[in-house]
2 protein chains.
Amino acid sequence: MTSQQVEIALARAQRVCTLRGARLTPVRRRVLELILRADQPTKAYVLLAKLEQERGKLGPPTIYRALDFLLAHQLIHKVETSNAFVACDDAERAHQSQFVICEDCGATEEIQDDDIVASLRRLGEMRGFAVERQVIEARGLCPACRVGQRQA
Amino acid sequence: MTSQQVEIALARAQRVCTLRGARLTPVRRRVLELILRADQPTKAYVLLAKLEQERGKLGPPTIYRALDFLLAHQLIHKVETSNAFVACDDAERAHQSQFVICEDCGATEEIQDDDIVASLRRLGEMRGFAVERQVIEARGLCPACRVGQRQA
DNA sequence: GCAAATTCGTTACGCTATAACGTCTCTTAG
DNA sequence: CTAAGAGACGTTATAGCGTAACGAATTTGC
């Protein structure tokens, strides 16, 4: 993601927050920026280390609070099987995300498939559950690592 | 699960292991039994505490090694969003599991839906991924807790 | 029986996440 | 204007999850 794209995403995030009466504080904004600039899912303690480089010693709660805020507003998603965080393309629209993750290199792609979400919701409802959140992740080998695997 | 059902499950597990040339050692067997007897998903450190009551101080690796073995042979599944383990109904057949989990009481039901597994596999393959493992979990409120929620 | 492999105990450590409390700031109603 | 309340953040401590590394003991295959 180019710096310009990051700026655009940050501006959009600011807009979303303002609309919702939420505050995109400096910490939250900076954490979102770090996630946006990363080309792979980012771990909480990596974010913490970067933030501490800039601001001196903080602590895990500072990061986790920012992450909780960004998650609540759908500005980021959590990849559960990696314990890592990625930026979300469109926070405006409420939606669920799915991911495919490479076991080898960690490459992660977001999927947006309404059908699979509906299917899982239906399976839950058939059992009387009111489904609120879905975690749908596929792990395996990305195209690049499949090639490497064959040659190894 | 009744004690008799537990015994049957353990015998079946023993059979599966023998067939595969794997050893269901006392530790592994006991861990499986503890998971079978629990009516909810069980956490690693809970298992560790119970095992240490019986055998004196051990350590996390003892439990995690047993869990890894049981997972590898599909005798148990891991509920990723709960960091907990449940017994598997049929280890003979290779399969993926899905779960619905109650946010309120932790009640967890296993789903076996081949269609959703195939869907996610296809979504991964469309992106060039060789999908090896799937995590599909729905979190929400179980029937009992839905009622409580309305009254509260 | 002996070498190799598997299993397990043990110690230590790293990563993930939250509880609890105090301070500061910002809003806002009076 | 100001006091009260809410929200955000810093800080310390701790709980929970998981693995690395090493050595002893046991099992297995030859």
Side-chain angles (χ1 to χ4, degrees), chain A residues 13-14 17-18 20-32 34-35 40-73 75-86 103 106 135 137 139, chain B residues 13-14 17-18 20-32 34-35 40-73 75-86 103 106 135 137 139:
Chain A
Q14 179 61 71
C17 288
T18 305
R20 297 180 187 166
R23 293 166 53 198
L24 189 62
T25 63
V27 176
R28 293 168 178 173
R29 183 188 161 92
R30 181 64 179 137
V31 170
L32 176 56
L34 289 170
I35 295 173
Q40 292 221 343
T42 313
K43 303 217 157 205
Y45 275 62
V46 171
L47 293 168
L48 176 58
K50 290 187 179 177
L51 213 60
E52 286 185 333
Q53 277 187 342
E54 303 170 356
R55 302 176 179 231
K57 189 184 182 262
L58 300 171
T62 297
I63 290 295
Y64 281 103
R65 279 190 293 236
L67 291 172
D68 285 344
F69 174 88
L70 297 171
L71 284 170
H73 289 282
L75 295 168
I76 61 173
H77 293 297
K78 180 173 183 183
V79 185
E80 292 287 340
T81 56
S82 308
N83 292 321
F85 302 86
V86 295
E103 296 277 12
V135 175
E137 300 179 11
R139 301 193 63 103
Chain B
Q14 179 61 70
C17 288
T18 305
R20 297 180 187 166
R23 294 164 53 201
L24 189 63
T25 64
V27 176
R28 293 167 178 172
R29 182 188 161 93
R30 182 64 180 137
V31 171
L32 176 56
L34 289 171
I35 294 172
Q40 293 221 340
T42 313
K43 304 219 157 203
Y45 275 61
V46 170
L47 294 168
L48 176 58
K50 290 187 180 178
L51 212 60
E52 286 186 332
Q53 276 187 342
E54 303 170 357
R55 303 177 178 231
K57 192 189 180 254
L58 300 170
T62 297
I63 290 296
Y64 281 103
R65 281 190 292 237
L67 291 171
D68 286 344
F69 174 89
L70 297 170
L71 285 170
H73 289 281
L75 295 168
I76 61 173
H77 293 296
K78 179 172 182 184
V79 185
E80 293 287 341
T81 56
S82 308
N83 292 321
F85 302 85
V86 294
E103 296 277 12
V135 175
E137 300 179 11
R139 302 193 62 102

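Chain identifiers are assigned alphabetically (A, B, ...) following the order of the sequence lines, protein sequences preceding nucleic acid strands; residue numbering begins at 1 within each chain.
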Going 5' to 3' through nucleotides 5-19 of chain D and flagging B where a protein heavy-atom sits under 4.0 Å of the base, S where only the sugar-phosphate is that close, and - otherwise, we get ---SBBBB----BBB

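- Every residue was checked against the side chain to side chain donor-acceptor pair (under 3.5 Å) condition with B:R55, not counting sequence neighbours, and none meets it.
- As rounded to whole Å, 13 Å separates atom C1' of C:dT7 from atom NE2 of B:H73.
- With rounding to the nearest 0.5 Å, the separation of CD1 in A:I35 from CD1 in A:I76 is 4.0 Å.
- The distance from atom CD of A:Q14 to atom CZ of A:R28, rounded to the nearest 0.5 Å, is 11.5 Å.
- Separation of atoms OG1 (B:T42) and NZ (B:K50) is listed at 6.0 Å; rounding is to 0.5 Å.
- For the atom pair A:L47 CG and A:F85 CZ, the distance stands at 8.0 Å (nearest 0.5 Å).
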